Amino acid sequence: MNKNKNRQMNNIFLAAIALSLISSGCSHSKKLTDSSMHFAKNIVVAHRGAWKTNSLPENSIASLDQAVKIGCAGSEFDVHLTDDDSLVINHDAVFGGKHIQKSSYVSLLETKLSNGEPIPTLYQYLSHGIQQHTTMLVLEIKPSEISEERGEHTAQKIVELVQQLHAQPWVIYISFDYAIIKKVLELQPDARVQYLNGDKSPLELKNDGVMGLDYHYSVFKKHPEWVKEAKDNNIVLNAWTVNNAEDMKWLIENKFDYITTNEPELLFGLIKRP
Ligand code: MG
């Protein structure tokens with residue numbers, strides 16, 4: 001009798017383990033599909049997070065949270081590689097008087113952001129960013145000031161971390177450095193990438209497998225034909241960094257997919273939210 005009971009308990013135990021494995025497998029695969037995402041259907045990308053209205057530090061976790069809170073489709077941030085191979089979030093090449101790419105991660109912790117946050121690592125930023133499903137993470141890979149190889153190494157470290165965290169559905173990669181753009185695509189051919197430098201036509205990008213362009217808005221005034229060329233070739237159109245209503249209206253009239261701005265609230269005021 002006892003033996004039977006033990007066997008029954010064992011069976012229940014094994015069934016419970018099997019069930020938990022199946023369900024964890026499901027949630028894992030769910031994480032990797034776009035169908036579990038509910039990205040906001042608007043054109044607003046907050047540049048370095050939504051920092052301005054609440055005087056938050058740019059590129060902080062708090063400014064990412066604010067971009068999510070106000071409903072931005074995307075929130076942009078900048079990534080550098082430190083001297084000891086840590087990936088950190090900051091716009092400028094220098095943080096707290098130290099040249100990021102020539103400094104150790106620990107030495108950067110001596111300075112805090114104005115809201116008390118330490119300089120975020122990419123690991124912290126992505127781990128936090130994938131807790132929500134409404135705002136895409138627009139990840140700018142800063143070029144290396146040391147060598148092209150170091151730049152490609154930076155891209156590799158970033159793509160590996162994004163994959164390790166299963167953050168691919170959230171991430172759009174952007175860079176001014178075309179070698180970095182190509183390296184990302186070599187490592188992850190289906191990655192969503194947008195080139196920033198403004199010197200390639202939509203067709204040139206398409207031929208290299210680049211799915212989008214994110215150029216300074218003045219580039220489109222010089223090359224208005226690129227707007228149609230991009231649309232005809234399914235190249236995503238994004239423009240930076242657009243902070244006044246007049247320029248925003250021009251881009252809205254030209255049906256840009258995204259507008260990257262320091263003034264997301266102003267842009268929200270000009271578009272109809274679905
Ligand atoms: Mg940037």
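As the structure lists them, so they are numbered: ligands from 1, and atoms in each ligand from 1. On a predicted model such as this, the values are computed, not experimentally measured, just so you know.
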(request) Ignoring hydrogens and angles, state whether a donor on the side chain of Q132 or T134 is under 3.5 Å from an acceptor on the partner side chain. (result) yes
(request) Return each pair, listed once, that meets ring-ring contact (aromatic ring centres under 6.0 Å, His included) where at least one residue sits in residues 52-76; pairs must be two or more places apart or across chains. (result) none
(message) Is the ring pair F220/Y215 parallel, tilted or perpendicular, if the boundaries are 30 and 60 degrees?
(response) parallel
(message) Counting only heavy atoms not in E145 (residues, nucleotides, ligands), do more than 12 fall under 6.0 Å from its CD?
(response) yes
(message) Between Y195 and W240, is the ring centroid distance below 6.0 Å?
(response) no
(request) Measure from the side-chain N and O atoms of Q131 to the backbone N and O of H128, and report whether any donor-acceptor pair falls under 3.5 Å. (result) no
(message) Around the Mg ion (ligand 1), how many protein N, O or S atoms are found at less than 2.8 Å?
(response) 3
